[in-house]
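Have a look at the structure below, then the notes.
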Amino acid sequence: MSKKVTLKQCLGIDVSMKKIDCCLSFYTEDLKIKVVATSGYENNPDGFVKLREWLNRKQDNSLALHVNMEATGIP
């Protein structure tokens with residue numbers, strides 16, 4: 001069984017006042033999206049450090065990382 005080639009990787013981030021929720025996914029050569037990992041962190045400097053450490057362990061460093069953010073708020 002051969003390993004599927006990853007064409008693109010994306011990090012989706014949902015930002016709220018107290019928390020940031022993250023989902024890392026890969027878009028594969030068979031045109032499917034595979035969720036690699038999800039995690040959540042506090043929205044503060046320590047949380048950002050933990051997010052970066054998590055991402056360093058999970059991402060494919062041979063590909064560009066596309067980041068999408070959704071900010072939740074009340075106008």
Side-chain angles (χ1 to χ4, degrees):
M1 185 172 192
S2 64
K3 183 178 176 184
K4 293 179 184 157
V5 174
T6 300
L7 302 175
K8 184 178 183 181
Q9 64 180 340
C10 297
L11 175 65
I13 303 176
D14 184 10
V15 181
S16 68
M17 186 186 312
K18 294 184 179 183
K19 190 172 178 192
I20 46 178
D21 292 307
C22 305
C23 177
L24 180 65
S25 59
F26 290 170
Y27 185 60
T28 62
E29 67 182 333
D30 58 351
L31 306 181
K32 294 189 178 179
I33 297 172
K34 177 184 176 186
V35 174
V36 177
T38 60
S39 195
Y41 303 95
E42 291 183 36
N43 189 351
N44 60 34
D46 289 338
F48 292 124
V49 169
K50 289 178 183 175
L51 166 59
R52 188 67 231 178
E53 291 169 350
W54 172 79
L55 192 55
N56 284 337
R57 289 190 310 272
K58 301 291 183 181
Q59 77 181 56
D60 181 345
N61 291 318
S62 68
L63 295 171
L65 178 65
H66 299 267
V67 179
N68 302 298
M69 297 178 72
E70 177 186 3
T72 307
I74 300 172

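Heads up: numbering here begins at 1 and tracks the sequence. These numbers come from a predicted model, not from an experiment. When reading the values below, keep in mind they use all heavy atoms of this one structure, side chains included, and skip hydrogens, waters and symmetry mates.
To the nearest 0.5 Å, the span separating SG on C23 from CG on D14 amounts to 11.0 Å. Note that CG of D60 is 5.5 Å distant from CZ of F26, once rounded to the nearest 0.5 Å. With rounding to the nearest 0.5 Å, the separation of CG in L51 from CD1 in I13 is 5.5 Å. Interatomic distance, T6 OG1 to Q59 CD, rounded to the nearest 0.5 Å: 12.5 Å. With values rounded to the nearest 0.5 angstrom, L31 atom CG is found 7.0 Å from L7 atom CG. The line from CD1 of I20 to NZ of K50 is 11.0 Å long, rounded to the nearest 0.5 Å.
In the hydrophobic cluster analysis, where Ile, Leu, Val, Met, Phe, Trp and Tyr join through side-chain heavy atoms closer than 4.5 angstrom, M69 is grouped together with W54. By the criterion of side-chain heavy atoms lying less than 4.5 angstrom apart, applied directly or through intervening Ile, Leu, Val, Met, Phe, Trp or Tyr residues, V49 is not grouped with L65; the two fall into different hydrophobic clusters. Neither L63 nor Y27 shares a network with the other; the hydrophobic side chains, linked directly or stepwise wherever heavy atoms of I, L, V, M, F, W or Y lie under 4.5 Å apart, form separate groups for each.
The minimum heavy-atom distance between D21 and G40, with the atom names listed, is OD1-CA, 3.8 Å.
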Show your working on side chain to side chain contact (heavy atoms under 4.5 Å, CB included) between C22 and L11 and close with a plain yes or no.
CA-CA 7 Å; C22 305; L11 175 65; 4.0 Å; yes
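Annotation: side chain to side chain contact (heavy atoms under 4.5 Å, CB included) contacts of K32 (sequence neighbours excluded): T28, D30.
When side chains are defined from C-beta on, Q9 does not count as touching H66, because their heavy atoms never get closer than 4.5 Å. Within the 4.5 Å cutoff, no side-chain heavy atoms of N43 are placed close to those of K19.
Between the side chains of Y41 and S39, at least one donor-acceptor pair of N or O atoms lies under 3.5 Å.
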